[in-house]
Amino acid sequence: MSLRDAGSWLALLSAVLLAAAGPGCQLDLWTFKTGFSLLRWAAYGGLAGAALSVLAAALGWPSFWKGRLQLIGAAALGLGTAALPWRFYRAARAYPPIHDLTTDPVDPPVFSAVLPPRQGSPNPVEYGGADVFAQQRAAYPDLKPLILEKPPLEVFAKVESAARRLRWEVIFSQAGRGVLEATDTTLWFGFKDDIAVRVRPQGKGTRVDARSVSRVGKGDAGANAKRLRRFLALLR
């Protein structure tokens, strides 16, 4: 096998590993930790494939133009494959290592209906307390209770509508208690995060508190904060 072909095959194999890392987790072919390892090896392989392609071009410069499309394509595919995991890990390091976010750290919304499907998940539903909230407040100071000048039942209808628009799987919903529990599944790896929403009267209006907790992973790369922000923005 020529150096040029080796670079092309390595770049292609790395792209396949990258594409399979997440769906394999969703199909229970491997754990999310294995999926992350595949991302890492896809990045290494992509860089190696690009390097071999560049080396083949340098060593075979007189005949470069004959196979230029293969060399350029392999180098681009390898670098692109390596760039995606690099961006993912860089983004993950930019967020605090927490996976439980709430608008009310003193009395966070509790989970009940989602407990059976969470059984066996490494992350507990008990709130981590002041230390977790200190990290949340430093990273996401905008996550606060939402106060609306509307009656609770009207607000709860909006809560249910927002959950449907966000395509959450609603596990439990009761307007009389002002409680909604749901599960959101991420697109690529299929991670399942659970959400609890609480609606209570406050003064002449209504207060909405929400909480989003990942089932696995020490950190969440900011996913729970983004989810709560989208939800609260729809209610506003």
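Residues satisfying the side chain to side chain donor-acceptor pair (under 3.5 Å) test with Asp28, not counting sequence neighbours, are none. Partners of Asp194 by side chain to side chain donor-acceptor pair (under 3.5 Å), not counting sequence neighbours, listed by chain and number: Arg118, Thr183, Arg215. With sequence neighbours excluded, no residue forms a ring-ring contact (aromatic ring centres under 6.0 Å, His included) with Tyr95.
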Determine all donor-acceptor pairs shorter than 3.5 Å in which one atom belongs to a side chain in residues 80-88; sequence neighbours excluded.
from: Thr81; atom 1: OG1; to: Leu77; atom 2: O; distance (Å): 2.8

Listing, residues 34-44 side-chain donor-acceptor contacts under 3.5 Å, not counting sequence neighbours, or none:
from: Thr34; atom 1: OG1; to: Thr31; atom 2: OG1; distance (Å): 3.3
from: Ser37; atom 1: OG; to: Lys33; atom 2: O; distance (Å): 3.2

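Lys158 NZ to Arg236 CZ: the interatomic distance, rounded to the nearest 0.5 Å, is 13.5 Å. One finds the CG atom of Leu228 at 11.0 Å from the CZ atom of Arg211 (value rounded to the nearest 0.5 Å). To the nearest 0.5 angstrom, Glu154 atom CD is 12.0 Å from Glu149 atom CD. Note that CD1 of Ile98 is 12.0 Å distant from CG of Asn123, once rounded to the nearest 0.5 Å. The CG atom of Asp100 lies 12.0 Å from the CZ atom of Phe133; values are rounded to the nearest 0.5 Å.
The backbone N or O of Ser214 sits nowhere less than 3.5 Å from a side-chain atom of His99 that would complete a donor-acceptor pair. Judged by distance alone, with hydrogens and angles left aside, the side-chain atoms of Glu181 form a donor-acceptor pair with the main-chain N or O of Val114 at under 3.5 Å. For Ser161 (side chain) and Ala157 (main-chain N/O), no donor-acceptor pair under 3.5 Å exists by modelled atom type. For Gln26 (side chain) and Leu187 (main-chain N/O), a donor-acceptor pair under 3.5 Å exists by modelled atom type. Panel note: side chain Thr206, backbone Lys150; a donor-acceptor pair is recorded below 3.5 Å. No donor-acceptor distance shorter than 3.5 angstrom exists from the side chain of Ser212 to the backbone of Leu101, with no hydrogens or angles considered.
Contact of the Pro23 side chain with the Trp188 side chain is registered, since non-hydrogen atoms from C-beta on lie closer than 4.5 Å. Put simply, the side chain of Asp193 reaches to within 4.5 Å of the side chain of Thr186, judged on heavy atoms. When side chains are defined from C-beta on, Pro97 counts as touching Gln135, because their heavy atoms get closer than 4.5 Å. For the pair Pro151/Leu153, no side-chain contact is recorded, criterion being any heavy-atom separation below 4.5 Å from C-beta on. Within the 4.5 Å cutoff, side-chain heavy atoms of Ile147 are placed close to those of Arg207. In this structure, Phe172 and Arg177 have side chains that are in contact, with non-hydrogen atoms separated by less than 4.5 Å.
Heavy-atom minimum distance, Ala48 versus Leu10: CB-CD2, 3.4 Å. The two residues Ser53 and Ala75 have their closest heavy-atom pair at OG-N, 4.0 Å. A pairwise comparison of heavy atoms in Asn224 and Asp220 identifies ND2-OD2, 2.7 Å as the closest pair. Heavy-atom minimum distance, Gly46 versus Ser14: N-OG, 3.1 Å. Of all heavy-atom pairs spanning Gly222 and Tyr140, the tightest one is CA-OH, 3.6 Å.
Grouping Ile, Leu, Val, Met, Phe, Trp and Tyr residues whose side-chain heavy atoms lie under 4.5 Å apart, directly or via other members, places Trp168 in a hydrophobic cluster with Leu146, Leu148, Val155, Phe156, Val159, Leu166, Val170, Leu180, Ile195, Val197, Val199, Val208, Phe231, Leu232, Leu234, Leu235.
One hydrophobic cluster, built from ILVMFWY side chains closer than 4.5 Å, cannot hold both Leu27 and Val216; they sit in different ones. Note on Ile171 and Leu115: same hydrophobic cluster, where clusters join Ile, Leu, Val, Met, Phe, Trp and Tyr whose side-chain heavy atoms are under 4.5 Å apart, directly or indirectly. Transitive grouping of hydrophobic side chains (ILVMFWY, heavy atoms separated by less than 4.5 Å) keeps Phe111 and Val132 in distinct clusters. Val213 and Val179 end up in different hydrophobic clusters when Ile, Leu, Val, Met, Phe, Trp and Tyr side chains are linked at under 4.5 Å.
Salt bridge annotation for Arg200-Asp107: present, with a cationic side-chain nitrogen under 4.0 angstrom from a carboxylate oxygen.
In Trp30, the CH2 atom is crowded: over 12 heavy atoms of neighbouring residues, nucleotides or ligands sit closer than 6.0 Å.
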